[in-house]
Amino acid sequence: MNMTDAQALLLAKALVLMGQGIGAGLALIAGIGPGIGEGYAVGKAIETIGRQPEAKSAATTTMFIGCAVSESTGIYGLLVGIILLFVNPFLKHLEG
């Protein structure tokens with residue numbers, strides 16, 4: 001059975017949308033790592049403050065800087081996921 005041009009175009013669009021959804025889902029998994037890392041960092045900072053209360057300022061500052069750097073990887077994953085979902089040049093290429 002031969003496919004018509006309309007069927008081939010529909011199949012191509014479906015494959016692009018499927019890849020787009022799978023890629024976006026995988027990109028959003030990147031949010032798990034920063035969450036675990038930040039939780040661990042905050043726990044260690046609280047442990048440090050509990051052992052040495054006079055180190056509260058240094059521990060808190062270092063913790064916030066580390067959490068900000070760690071969160072950037074999660075934001076990059078979110079950005080890639082949003083780009084994959086809403087900005088797809090391949091569908092425009094298939095239509096034109």
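The first residue in the sequence is number 1, and the count goes up from there. Please read these numbers as outputs of a predicted model, since none were measured by experiment.
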Same apolar cluster: Ile49 and Val42, side chain cutoff 4.5 Å: no
CG on Leu78 to OG1 on Thr73, rounded to 0.5 Å: 11.5 Å
Cluster overlap Ile46 with Met63, hydrophobic side-chain contacts below 4.5 Å: yes
Hydrophobic cluster identity match, Ile36 and Leu26, side-chain contacts under 4.5 Å: yes
Leu10 side, atom CG; Thr4 side, atom OG1 - distance, nearest 0.5 Å: 9.0 Å
Joint cluster assignment, Leu85 & Leu28, ILVMFWY side-chain distance < 4.5 Å: yes
Exercise: identify the closest heavy-atom pair between Gly77 and Ala30: CA-CB, 4.2 Å
Under 3.5 Å: donor-acceptor pair, side chain of Thr60, backbone of Lys56: yes
Test item: Thr62 side-chain N/O and Ala59 main-chain N/O as donor-acceptor pair under 3.5 Å: no
Nearest-0.5 Å distance, CG of residue Leu84 to CG of residue Leu79: 9.5 Å
Main-chain N/O of Ala58 paired with Thr61 side-chain donor or acceptor, under 3.5 Å: no
Nearest atoms (heavy-atom pairs only) where Gly81 meets Ala24: O-CB, 3.7 Å
Taking every non-hydrogen atom, the tightest pair across Glu38 and Cys67: OE2-O, 3.4 Å
Straight-line distance of Leu9 CG to Lys13 NZ, nearest 0.5 Å: 5.0 Å
Path from Ile75 to Val69 over hydrophobic side-chain contacts below 4.5 Å: no
